[in-house]
Amino acid sequence: MSPIKQASLRLDSRVGRLYERPSGQRARRSGSRMIIAIDGPAASGKGTIARRIAAHYRLPHLDTGLLYRATAAALIAEDRDLYDEAAAVAVARGLGLTDFNDATLRTRQMGEAASVVAAMPRVRAALIEAQRAFAARPGGAVIDGRDIGTVICPDAEVKIFVTASAAARAQRRALELVQHGERADYNAILADIIRRDARDSNRSVAPLRPADDAMTLDTTHLGIEAASAEALRIIEAARTRV
Ligand code: DC
């Protein structure tokens, strides 16, 4: 077996265990497999919507941004150059269970660093199989990211592209920081979001874009309750068609 395949399988089992469905919840029976792909830009609400959808359908959920964040975090921790593709690939192949626990993964700076390593074709290649293996679970899965509907799960039963204006997204991030008692610089956050959108959308491999068959959900004027309800409506409508 090739080293890439071996590394992917190891990550498959670890990612699988990390995101196991909550205890007491039973897997959906095979025969009703449902892969729900949720893509969108930073702070669009896709992560929260994906978690709620997963809880609703009792499906396991994978936040694929964490894979890129953990890769960037390991490089930074080892004092490596963030633009060193070979080092980033080695880290991505070696990701393990404890690599996803660190609270710093969720910071704005780590999102920016993740966006840098995520633009590297070989880093993406190193992480594809683990994501597909997660999607291939018997009952299905909810997976969120940037390229789930286009590259990782092009045959997903439901694809939703969650978006919102950059200003609305920056406002949300600023509010989150203030609620956590931190200082929020709206202009810096907005600049960060615009820069990240541009990098994620203009990269050569798996750029951020809606799949041709994705339903777009614009959350600019929606609270999280309304946005989640709309996502559910889209999914139910899609299920009646399959
Ligand atoms: O969803 P997030 O903010 O945690 O993602 C962090 C970065 O990782 C994002 O800017 C781009 C990258 N990413 C990606 O390229 N593909 C994915 N499927 C998920 C995230």
Side-chain angles (χ1 to χ4, degrees), residues 34-57 59 61-66 68-69 106 108 111-112 114-115 118-119 131 135 140-179 184-203 206-242:
M34 178 165 63
I35 296 173
I36 301 174
I38 303 186
D39 290 303
S44 58
K46 68 181 187 315
T48 307
I49 291 173
R51 271 195 305 281
R52 288 177 170 224
I53 295 296
H56 180 85
Y57 290 108
L59 287 169
H61 165 227
L62 178 63
D63 166 0
T64 60
L66 274 182
Y68 298 96
R69 285 172 184 257
R106 304 280 180 187
R108 188 155 66 88
E112 174 71 17
S115 165
Q131 297 173 74
V142 179
I143 309 192
D144 76 80
R146 302 289 187 288
D147 61 339
I148 310 306
T150 51
V151 174
I152 304 296
C153 303
D155 298 326
E157 281 72 24
V158 188
K159 298 180 187 178
I160 303 179
F161 191 83
V162 183
T163 189
S165 71
R169 289 183 283 135
Q171 200 81 55
R172 279 177 205 160
R173 278 287 187 260
L175 195 62
E176 272 170 26
L177 287 174
V178 170
Q179 282 166 348
D185 180 343
Y186 172 81
N187 287 329
I189 295 171
L190 179 62
D192 186 84
I193 279 180
I194 291 171
R195 190 172 51 244
R196 197 128 75 88
D197 283 355
R199 192 188 292 112
D200 294 346
S201 306
N202 297 325
R203 67 188 177 212
L208 167 68
R209 69 168 181 83
D212 292 340
D213 51 351
M215 291 292 296
T216 294
L217 170 52
D218 187 336
T219 66
T220 303
H221 302 292
L222 297 179
I224 196 61
E225 293 296 338
S228 303
E230 183 58 15
L232 266 182
R233 196 194 59 70
I234 291 172
I235 295 166
E236 286 302 312
R239 287 177 81 194
T240 58
R241 284 198 298 273
V242 289

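The chain is numbered in sequence order, starting from 1.
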When rounded to the nearest 0.5 angstrom, what distance separates [atom1] in [X] from [atom2] in [Y]?
X	Y	atom1	atom2	value
Ile234	Ile36	CD1	CD1	11.0 Å
Asn202	Asp197	CG	CG	9.5 Å
Arg173	Ile193	CZ	CD1	6.5 Å
Lys46	Arg51	NZ	CZ	10.5 Å
Ile53	Thr48	CD1	OG1	11.5 Å
Ile160	Met215	CD1	CE	8.5 Å

Could you tell me which non-hydrogen atom of [X] sits nearest to which non-hydrogen atom of [Y], and how far apart they are?
X	Y	result
Ala166	Ile194	CB-CG1, 4.2 Å
Ala184	Ile189	CB-CD1, 4.4 Å
Ala50	Val142	O-CG1, 3.7 Å
Ser201	Pro207	O-CB, 3.3 Å
Ile148	Ala37	CG2-CB, 3.5 Å
Leu59	Ala141	CD2-N, 4.1 Å

Side chains of [X] and [Y] in contact at under 4.5 Å (non-hydrogen atoms):
X	Y	result
Ile235	Met34	yes
Asp200	Pro41	no
Leu217	Ile49	yes
His61	Asp144	yes
Thr64	Ile152	no
Tyr186	Leu177	no

Qualifying salt bridge (Lys or Arg N to Asp or Glu O under 4.0 Å) pairs, either residue in residues 214-238, two or more places apart:
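As it turns out, the salt bridge (Lys or Arg N to Asp or Glu O under 4.0 Å) pairs with a partner in residues 214-238, which skip direct neighbours, are Arg52-Glu225, Glu230-Arg233, Glu236-Arg239.
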So, [X] side chain and [Y] main chain: donor-acceptor pair closer than 3.5 Å or not?
X	Y	result
Asp39	Phe161	no
Ser165	Thr220	no
Thr219	Ser44	yes
Arg169	Ala42	yes
Lys159	Pro210	no
Ser228	Ile224	yes

Are Arg106 and Asp63 ion-paired here, with the side-chain N under 4.0 Å from a carboxylate O?
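Asp63 and Arg106: salt-bridged.
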Taking atom types as modelled and ignoring hydrogens, do the side chains of Ser115 and Arg196 form a donor-acceptor contact shorter than 3.5 angstrom?
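Judged by distance alone, the side chains do not pair up.
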